[in-house]
Structure formats: structure tokens, C-alpha cells
Amino acid sequence: MLFLSSFVVSSFLLVASVPIGNTGSHKPRTIPDHHGDVPLESLWAQFAPYTSAAPANKKYAVSSGCTINQVNLVQRHGSRYPTPNQNNAIKTAVENVQKVLPGDTVPEFKFLHAFDYPIKTDDAGNLTEIGKKESFESGQLQYSRYKHLMTGKSIFVHSSSIHRVQKSAEQWIEGVQTAKGWAQGDRIQSPKIIEKQPDEEAAAVVKTTYVNPWKKIYLPPIREALDKTLKVKLTNEDVYGLMFMCPFHTSMIREGDTSSKKLSPFCKIFTVDQFKDFAWQGALDKYYIGKSKYPSEYELSPLGYTKNLRTRLETSKESDIKFYADFSHDNEMAGIFNVLGLFRQKEDLSHEKRDDSSTYKVSRIVPFGTRMVVERLTCTSKPSGSKGKRSGGSIKDDSKEFVRVLVNDDVQPLEWCHGAKDGLCEVKEFIKGPK
Ligand SMILES: *[C@@H]1O[C@H](CO)[C@@H](O)[C@H](O)[C@H]1NC(C)=O
């Protein structure tokens, strides 16, 4: 055994002594400070932590003359550990690579020699500390904007039955209550739980038709580059597992600090360009799942949710419930955005070629903790751009009900809504939906 291991070590050293650059044009990988101007998180697609998507110069504001009288929030659970299936695959990949990893050839891989796979089976699929914080902070933020609509009795919370979603809903409630410091007597009711309906069938179709073909295109060149540098033979899935570790391990090591910029050493193995391919995979996944049909119209499904939304928007301003908060999943939310005509693309995304100019950026559309807020507003003076007064109208006659939609703080233009200005769409138009 001793002999064997010293043999292995010396043969690694032998490999290590072969100069990496001897194939001429081949460079190990294009590592040098490639995290400079691109926030790497923006290339993690649905595994990106929550960030606001509001333009830097735009603060949250309500058009003058308008008052919000109802809010509908739908939010994805916060950052999580890999699901059990993902976790098994990633762990296997990491251990496979550790087994074949040569001595000290490549600096970016050094850490892997003494790396103990840190994600516990029990944690798989559950929220990370960052994920709890993202949900809590959303509660605080919504309270700072909509406190006039938020009392214990005026808030109605739904949650998918999945553990991490329920925990996100609870954290959100805690965030709201902490912001307000409510007395015991005025607490928000626990979420109403909605049994998560399966979407595996739709997901499997998207996987075979779009995701896997793209993986077959983008992973082999990355694998070949790593094989060449490390003088090993990896599989595509090994490579994919290592890439996956970048967002998941990062979420762990940031330990609940949502402003942390720490990155896992796994991130340094890959280039920005390679992560753009990874992000394109997420885009294909969410774009096509967003367009697929769900087996049933359960309350959190795209059709189920938007049907409820229409009903809520039509309820009287005198209704006791002023704030609806639904906690859900990325697939469901991608579908809701599709039904509402958000993030529409001129052409379907290609599973053969990445398009860097595409506006379908999953890290802005369905990152962890992603949220859509649909505000219902009454505007007394007409919002800018609308036509003149109705004849003989008093101020009361003049007021109209509008809807405004924000996804991660970014006001959606709602181009399909006749006459929408500043994202304001008349309730009666909004309810008709896009063509
Ligand atoms: C993790 O999730 C499972 C359900 O998937 C749950 O039973 C368990 O309590 C969770 N663990 C923690 C620490 O929250």
C-alpha cells in the first residue's frame, strides 16, 4: 500500500514535469482575473443569488397621482443546496476528479487535494443561510414600500408544499414582522399550503429536446481543455459537476451574508466564456419550461396563478385582503411570465448556438428569491401620456384603476397592453391578457 501510493505520487510528479505549454498554442485555461467586469453570478442562471434588476439610476417610485391599493407578490424560494439528485451527481463528479487529479500541476486545482465534499445529504434541497436571508430581506423590503397595506389581517400567504418554499414563506413573514415590530395580537397567518404538482414530464421533454443537445455541444470543448491541462480523462458530467459547484459552494461559504462577494475556488477553474455556455443552458431550460403545458391548473401553475391574479385584481378596494404573497418555484414562475407576455423573444432560443445578445437572462428572470410584484393602483390625475378628461367628470369619475408589474424591481413595459405608459396598464386591459 505504501509502495503503491508512493508509486502513484511519483508518477504524478512525472506527469507534472511535462511542460504544459508544449503543445504550442494551448494555454492551460484563460483564468487571469476573468471575474473583473462581469459579475460571475450573472452567469449562474437559475442558480444565481437574488439581485435587484432595477436600472442603476432608477429608484423605486410610484407615478404622481397614483395610490397603490393592492399588491400581489409571487416569489421563488431563496438560494438552496443542490437537490438530492443534483447533490449525488455533483459529489460523484467532484470525487471522480479528485481521484485522478495529478500532484501540483495546476494552481487552480490545488485546493481540491484537501477538499472534503461539504454538502450534507440531509441539507440537499434545503435553503442555505443565504436563501433564508434573501427571503427575510424581501419581507423587509416589501414592508418598506407597502406598509399601508400590510397588517396581520390584510396579508394572505400561499406556499408550495415543498420544504424550502415553506421555509422561504416563513422567513418572508418574519422579515415583514421584524420590519414592523408588530405586537403579538397582529400576526400574519401561517401560509396556506398548496400541494406542489409534478412538472417532471414537461421538464423531461425540455431536457431531451433542448438542454441535453446543448450540453453535448458546449461541454466537450471544456472537458478537452481540462483533460489536456490535467493530463486526465474526465467525462462531460464530471465537468458539469465542477461547474455546478461554483454557485452552490459559493452560496455555502457566504454564510448568510447576502452582500458577500466571496467566490468558491471551483469558480476559478472556468472562464467567463465557459460560464456563458452554462448560463445558456439555464436559458434553454427556463425558456422552454416556461412555454410548456402543466398537467393541471393547480393554484401555483402559470394558468392557475394568473387566473387567481385576475380574480384578485377585480375584487373591491374595500376587501380586507390587500396583500397576497405566493411562494413558488422557478418553473412555475417562468410559466407565469410567459402567460403575462413578459420577456418575450422574437425568436425561440437555439439549442445549437448561444446568443449573447438575447434578453432572456435567467439570472435576472428566475434567480433564487426571484419575485414579481403586481401593484394595483388608483390614479386620480391621469398618468402622463393619457388622453384628456372624460366629459363632465368629477375627480371621482376621472380616477382609473391600473396595474403595474415589477420583476426584481424592474418595471415591466407591458407592450401588449393598449396604451401602457410607465408600465401602467388599465386593470380591464390587463385582465384580457396578451395576444
Ligand atoms: C431539510 O429538508 C427536509 C425535507 O426535504 C426536512 O425534512 C428537514 O427537516 C430539512 N432540514 C432542515 C435542517 O431544515
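Each ligand, and each atom within it, is numbered from 1 in the order the structure gives. Just so you know, these numbers use all the heavy atoms, side chains as well, and skip hydrogens, waters and symmetry mates. Quick note: residue numbers are just sequence positions, from 1.
Here the two rings, on F430 and W416, have centers that are under 6.0 Å apart.
Within 4.0 Å of ligand 1, protein heavy atoms belong to D122, N126, H163, listed by chain and number.
Legend: residues meeting side chain to side chain contact (heavy atoms under 4.5 Å, CB included) with A325, ordered by chain and number and at least two apart, are L73, V157, W172, F323, F327. Here F111 pairs with F115, F266 under the ring-ring contact (aromatic ring centres under 6.0 Å, His included) rule; sequence neighbours left out. A search for side chain to side chain contact (heavy atoms under 4.5 Å, CB included) contacts involving P220 returns R223, E224, N236, not counting sequence neighbours.
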task: Output, in order, the C-alpha distance, side-chain angles, deciding distance and verdict of side chain to side chain donor-acceptor pair (under 3.5 Å) for E134 and S79.
output: CA-CA 8 Å; E134 287 165 337; S79 291; 3.0 Å; yes
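Test E174, R164, Q171 against K132 for side chain to side chain contact (heavy atoms under 4.5 Å, CB included) and you get one pass: Q171.
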